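Everything on this sheet refers to the single structure shown next.
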Amino acid sequence: MNRRYFLKSGGIALASFGLMSVAPNFLQQFANAQTLTKGFGKKKTLITIFQRGAVDGLNMVVPFGESEYYNLRPGIAVPKPNQTNGAIDLDGFFGLHPSLKPFETFWKNKQLVVIHSVGSPDNTRSHFDAQDYMEAGTPGIKATRDGWLNRTLQATQNEKDSPFRAVAMGGQTPRSLIGRAPTIAMTNLADFSIRAGEYTKSVSGGFEDLYQSNAKDSLGEKGEETFEAVNFLKTVNPAQYKPENGAVYPNSSFGRSLQQIAQLIKAGVGLEVAFTDTGNELRWDTHANQGGGRGQLANYLREFGAAITAFATDLGKQMDDVVILTMSEFGRTARQNGSGGTDHGHGNAMFVLGNSVKGGKVYADWKGLKSSQLNDGRDLAVTTDFRDVLGEIAFKHLGNKDLKKLFPSYTDASTAKFKGVLS
Amino acid sequence: MIKKISFLQKITAFLMVWAVFSPMLLTAKNINQINGKKSLTETQKIIHVLNRLGFGVRSGDVEKVKSIGIDKYIEQQLNPSTINDSTADAKVKNLPVLAMSNEELFAKYPNPGAVMTAVAQKNGLQRDDLMGIRPNQQNQNTDEMKENQMSEADRQKYQKEIAEMYRKYNLGRPNQITQQLISSRIIRATYSERQLQEVMVDFWSNHFNVYSNKAATRWFLPEYDRDVIRPNALGNFKDLLLATAKSPAMLFYLDNFQSISPNANNNNQANNNRRRNRLMQNQQNQQQQRQQRGINENYAREIMELHTLGVDGGYTQEDIRQVARAFTGWTIVDARGYRRAFAAMANGKTDQRTERQMRQAGIPTDTPSGTFYFNERWHDDDTKTVLGQKINEGGIKDGLKVIEILVNHPSTAKFIARKLAVKFVSDAPSEKLVNRVAEAFTKSKGDIKTTLRALFTSEEFFAAENYRAKIKTPFELLVSSIRTLGADTNGGQVQSLLNKMGEQLYGYQAPTGYPDTAEDWVNTGALLERMNFAVALSSNQIPGTRVDLKKFEAKEKTQILENSLAAILYGEVNPNTRTMLLKQIEQPLIQTKLDSDMDEDDGEMMQGGGQTRQNRTRLNAPSGNAEVFKIVGLILGSPDFQRQ
């Protein structure tokens, strides 16, 4: 097995042998081009964002064209477009929450897709179970060992894979990424190193030599890879990062996570899948006083939209190869409750953002919000199985063609069910 | 195309397994050369036993086992009650949750919401009116408070009252329950003389995995460890299985507590008529949803797939359905008992709402919250057929019969035997070994001691190729490191390093539990954290865990290395590792001045469920003789010490 991931990159290899200055011009250009996409070939990257806590999809993407919406939510409905704090019109029927104003540009540029009335066929209203099912990709089945993202990595695994192929921002590997394919979980890029205070250099060098000298051992081999990754990340110098195109990340754990993911993509570490949730600051579980065009949920959505906008702005042209996918375990009740909030519901909305999406469209098989049209008479119905969205992205963007393996319990899985959100 | 990929995957998997074992073959060769025959030396056998039946070797352990004799030592370990364990017992004395009943835990470590409810009621308010106020000043949710339009004076008043509750009743936070329990697991694994007992506690806790962060599960964990796993860890598998089936931890985690026969005698209509206020209405709605769900098959599936028969154990979807029916009515009294328990303690009165719900469900109100209850009214009493056997015992006996059928099934013997063989012998045990162990399981009717004895007395157990063939799990690495250095730990902050290495106890979300083979544990990120743990331990960076490396010090640098190698790897070290360490010890230490915050570890935790976040862990700056801690850290973090 060839383990020299980072030295394989043309640019870095030349530079590391001190050949840059003497290399012919065309080679230098080639090397520079290589440094942009770096040594792993042009990688497609999927950014998965989980809104844990169940965001209220009906206020995030508002069906303002449905009069029943205003009947059900007298105190918390988002006003119609062109009213104070009103929704941002998307297609004459759906509108974005006004806090998601920055998304409007993406919408107009056809970089943004909304999928509505989407969710899990399992009717659980437990946060835990619903997240578990969604991340495992197997609604109703708990014993699935690995997560759907890990299975997608397994399906396209090869020996030249980067150690940074899959990164989760956070202290622990999320359910979506658990499984056989190697992944990295970290809170901070700077943490990805040996930490021995003043003696870091000596100790780190010691470990590096130790593992290199045991390269025939499988552990030694992994250790060597580890230090290649550590050293490579050091050259990227995460502390000195400057976002491009005037992007400003909000100072929240979600904002910091997305910024670090952007750093990894730009550094060309071979990132294919990144996962982050929206952090504990954004409390989507709005059982009380959630507000309408303004208020609690509006504040969280503003933060959510600002972070994603900063990320997409920062990456600019590189969004050609990046798709952002947002999800949440279930939606919330169509009716507001007695506390000016909403309770655990069913169908929800998802965003897909990127230069390769067929954007500027809301993909929804919309039933309506009349009592008879609601799930159990209380929640937005699920008319699109979330696995059809995940499957399409894995299939078209990440090249995972085996839907049956990706969603083991989904006997009806088929490309025919794709919504066509990607070209 | 699809076939091609899966073939490639198989090849890759084969290569990975081969790559893991090939160095073992090397070690085995060394053994051959040394002894001229294919067997371990007496000392190697002892080290093997101490590693596999325990959490590694402490100073003096090898000599001790030598004097007792290996066979006798194993027999002692199989009978833990004969071993005095006062040291470990004393060390866990100051962890109050270990001795508490579920009801006491509900009262003393209430859900913050229960405290808020009590304060709200005292002030004639609803709990939602206090939203955003947290007992601890830093965690205030200003967005929620703004929505409440509360005056600053009111906010301070309620904040103070909440804090006062915590003071007055000496309350703790719910996550302390799990933290204390994990501390006790680390302490016992480190100090207990009953090492095999601790290994089996780890094994069964993982086999019967529950996840602490699923809602109320954490309140049930101390009982789960104390009354379910420990008493049965080396007992009979049937007793163990039954104890887990009745445990609130498992009933909650796998939802059986809310599995109700569709024909159950329920009283939902009465519920509907009693909506009194908005709060109660919401909560009753939720309660009704739970009750209306009817039969829940989760536990039925997992008891067969993961606890007994194994995924290919020969059961069908119909069997799952039938088993689920047999377990209807196996439930928990007041599963979220913090509200009732706290009301009783703080207001000295019963919680009306909870007791009404209990009456509606047909559960006597004097049964304590958080205990097992068989609810006749929720049980499906019709005849069931499971794995071809008719069950018409009726009542709770239906479930008991299922357990008997499952324990006696040949697939269960095979499944448990293989899992134990993977745990104790190698990642790929032979069919011969698995059959031998399965036979012992069957003949002894699930006696765990007898089953393990068959494993430990097998040829394969002491085979040279299985010596140091297992990669330690992070928990094994952590404890064996502490033991080999003779370090002292309170099991507290060291948990965050265990989490970083990827094995938070009670932190695996899926019911499968953590995997137990090398390829699952060896990856770039996890390996780096193993090295960082080694350094943090040897340079005394972990608050609550102290190590004294004076015993390794020497005038000659090479002697430091020899002392360390002798203590940590009993002198048995890969020649490459030794050469490199010799080179390392000769190199001058580089010391770099740091920015002030560089030695601080950002151990922030975003947990799997995303609902809770542990406090940041701050590591101390490295201290001690740098020449020594560097070498010791390198050895603990070396490939050699990752194996057992």
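Sequence lines set the chain letters: A, B, ... in the order given, protein chains first and strands last, and positions in each chain run from 1. Remember, it's a predicted structure, so these values are computed and weren't measured experimentally.
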Next on the checklist: Under a 3.5 Å distance rule, please check whether Gln642(B) uses its side chain to pair with a backbone N or O of Leu219(A) as donor and acceptor.
Outcome noted: no

Next on the checklist: Using every non-hydrogen atom in the two residues, find where Asn532(B) and Ser193(A) come nearest and quote the distance to one decimal.
Outcome noted: ND2-O, 2.8 Å

Item to check | Nearest-0.5 Å distance that lies between atom OH in Tyr211(A) and atom CE in Met580(B) | outcome: 13.5 Å

Checklist entry - For Asp640(B), which residues count as a side chain to side chain donor-acceptor pair (under 3.5 Å) partner, sequence neighbours excluded? => result Thr577(B)

Checklist entry - Below 4.5 Å, heavy atoms only, C-beta onward: do Arg195(A) and Glu529(B) meet side chain to side chain? => result yes

Checklist entry - If you round to the nearest 0.5 Å, how far is OG of Ser204(A) from CG of Leu528(B)? => result 8.0 Å

Item to check | Part of Tyr299(B) within contact of chain A (heavy atom distance under 4.5 Å) | outcome: neither

Item to check | Heavy-atom closest pair, residues Arg643(B) and Ser218(A) | outcome: NH2-OG, 4.1 Å

Next on the checklist: How close do Gly525(B) and Phe192(A) get, counting heavy atoms only, and between which atoms?
Outcome noted: CA-CE1, 4.1 Å

Checklist outcome for this item: Residue set satisfying side chain to side chain donor-acceptor pair (under 3.5 Å) with Thr138(A), at least two apart, ordered chain then number -> Thr144(A)

Checklist entry - Are any non-hydrogen side-chain atoms of Tyr199(A) and Thr592(B) less than 4.5 angstrom apart? => result no

Item to check | Closest approach of Asn576(B) to Ser213(A) (non-hydrogen atoms, all atoms of both residues) | outcome: ND2-O, 3.2 Å

Checklist entry - Charged N to carboxylate O under 4.0 angstrom, Lys214(B) versus Asp129(A)? => result yes

Checklist entry - Side chain, backbone, both or neither: which part of Ser638(B) has a heavy atom under 4.5 Å from chain A? => result both

Item to check | Spacing of CG belonging to Leu527(B) relative to NZ belonging to Lys222(A), to within rounding of 0.5 Å | outcome: 9.0 Å

Checklist entry - Which pair of non-hydrogen atoms, one from Arg175(A) and one from Ala510(B), has the smallest distance, and what is that distance? => result NH2-CB, 3.6 Å

Item to check | Over all atoms of both residues, closest heavy-atom pair of Ala143(A) and Thr512(B) | outcome: O-CG2, 3.4 Å

Next on the checklist: Taking Glu305(B) first and then Lys142(A), would you say they form a salt bridge - that is, a charged N and a carboxylate O separated by under 4.0 Å?
Outcome noted: no

Item to check | Tyr508(B) and Ile178(A), any side-chain heavy atoms less than 4.5 Å apart | outcome: yes

